[in-house]
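Everything on this sheet refers to the single structure shown next.
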Amino acid sequence: MYILAPSLLAADFNILGQQIRETEHAGAKYLHIDVMDGMFVPSISFGMPLIQSIRPASRQFFDVHLMIVHPERHIREFTECGADGITFHLEAAENAAELIRSIHSFGAKAGISIKPGTPVEAVYPYLEQVEMILIMSVEPGAGGQSFMPEAYERIRQLRDYIDAHELPVKIEVDGGVGKKNVRKIIDAGADIFVAGSAVFKKRSISSNISQFMEAFQEKEGIRKNGKDK
Ligand code: DX5
Ligand code: ZN
């Protein structure tokens, strides 16, 4: 099953609760929450108080993407304020295995993210411990960037490795994902699709999301008329 994870960064914070509910009603099972600290990435976004305050607005899986240095300092707080999954950057981790253990000890799912310049092989040693790998398809730090085509091959490489070793790890893709490239990204082997601008900008949230859902259904072989592919 393919999952859409709307990225909060692109939402209208003046009507945040309403927009989150719209994404949930439209079928987005995850909510992607980008935490930036002005250190690991130049920009600063938001942190625990925001997550805590939106938690009652949604039953979605809160997919927290930590773009911060020293992620080990904040795992407990992020789980306490409502994170269901915590993804840290391998580039920011001093001891990734220990971080994964810490995330699990607080009852959350663990993910590792890699920037476009980090070799895919760098996550191989952790694939038996994590629930998810997040392949960045832009340089982390800002929404609204273009998908880097090199990401297709990186996703495919990881998909092949995960399948060859029969591991239950999910592949998430983040950055420049939209209705134009979603089918190609599915074909490369991704499971979870982060989308900020493509969900919250231009048309309505529900019509934007329905285009993703159509692509998912098409690829899952469930045609609207009920026939299999
Ligand atoms: C970028 C963030 C993304 C971003 C995606 O550093 O990790 O989650 O919000 O935004 P779009 O979909 O607009 O590229
Ligand atoms: Zn993100």
Side-chain angles (χ1 to χ4, degrees), residues 2-13 16 19-20 23 26 28-47 50-51 54 60-69 71 74 78 83-93 108-118 123 130-152 154-155 170-186 190-203 205 207-209 211-212 215-216:
Y2 302 114
I3 291 172
L4 182 66
S7 170
L8 216 56
L9 209 53
D12 179 351
F13 281 60
L16 191 53
Q19 292 210 328
I20 292 169
T23 68
K29 299 262 186 291
Y30 279 31
L31 191 66
H32 185 80
I33 302 174
D34 289 304
V35 178
M36 303 178 183
D37 65 352
M39 299 283 285
F40 183 73
V41 291
S43 191
I44 296 177
S45 59
F46 38 71
L50 179 124
I51 300 172
I54 60 172
Q60 287 157 306
F61 183 94
F62 275 15
D63 171 33
V64 174
H65 177 191
L66 296 182
M67 285 165 272
I68 65 173
V69 296
H74 305 288
F78 278 109
D84 295 301
I86 296 184
T87 298
F88 61 86
H89 268 270
L90 191 58
E91 302 87 358
K109 304 265 192 268
I112 296 182
S113 180
I114 49 171
K115 299 205 275 186
T118 301
V123 302
V130 291
E131 282 75 32
M132 184 173 88
I133 298 293
L134 169 52
I135 302 262
M136 290 303 301
S137 38
V138 298
E139 283 300 335
Q145 305 180 73
S146 299
F147 185 92
M148 299 167 72
E150 307 90 284
Y152 292 121
R154 290 164 58 77
I155 297 162
K170 298 265 185 269
I171 302 177
E172 182 173 54
V173 181
D174 183 7
V177 176
K179 55 181 185 288
K180 291 207 180 101
N181 56 17
V182 63
R183 286 173 176 78
K184 213 172 155 190
I185 303 170
I186 290 173
D191 305 291
I192 304 167
F193 302 79
V194 177
S197 317
V199 165
F200 292 101
K201 308 287 187 202
K202 290 192 190 135
R203 294 151 26 120
I205 291 172
S207 69
N208 285 334
I209 291 185
Q211 297 204 342
F212 281 95
F216 292 170

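We number each residue from 1, following the sequence as shown. Start at 1 and go down the list; that is how both ligands and their atoms are numbered.
By the side-chain contact (heavy atoms from CB on, under 4.5 Å) test, Lys201 pairs with Ala10, Ser197, sequence neighbours left out. Evaluation of the side-chain contact (heavy atoms from CB on, under 4.5 Å) rule for Glu150 yields Met148 as partners, not counting sequence neighbours.
The contact shell of ligand 1, taken as protein residues with any non-hydrogen atom closer than 4.0 angstrom, comprises Ser7, Leu9, His32, Asp34, Met36, His65, Met67, Met136, Pro140, Gly141, Ala142, Gly143, Gly144, Asp174, Gly175, Gly176, Val194, Ala195, Gly196, Ser197.
Scanning all heavy atoms of the two residues, the minimum distance from Ile209 to Ala26 falls at CG2-O, 3.4 Å. Ile44 and Asp37 make their closest contact through CG1-C, 3.8 Å (heavy atoms, listed as atom of the first residue, atom of the second, distance).
Within 6.0 Å of the NZ atom in Lys115, the count of heavy atoms belonging to other residues, nucleotides or ligands exceeds 12.
Under the 4.5 Å side-chain criterion, counting only non-hydrogen atoms from C-beta, Asp34 is in contact with Ser7. Contact annotation: the side chain of Val35 never approaches that of His74 to less than 4.5 Å [non-hydrogen atoms, C-beta and beyond]. Side-chain contact check for Leu50 versus Leu16: some heavy-atom pair is nearer than 4.5 Å. Side-chain contact between Pro116 and Glu139 is present, with at least one heavy-atom pair separated by less than 4.5 Å.
Of all protein N/O/S atoms, those under 2.8 Å from the Zn ion (ligand 2) are His32 NE2, Asp34 OD1, His65 ND1, Asp174 OD2, and waters are not counted.
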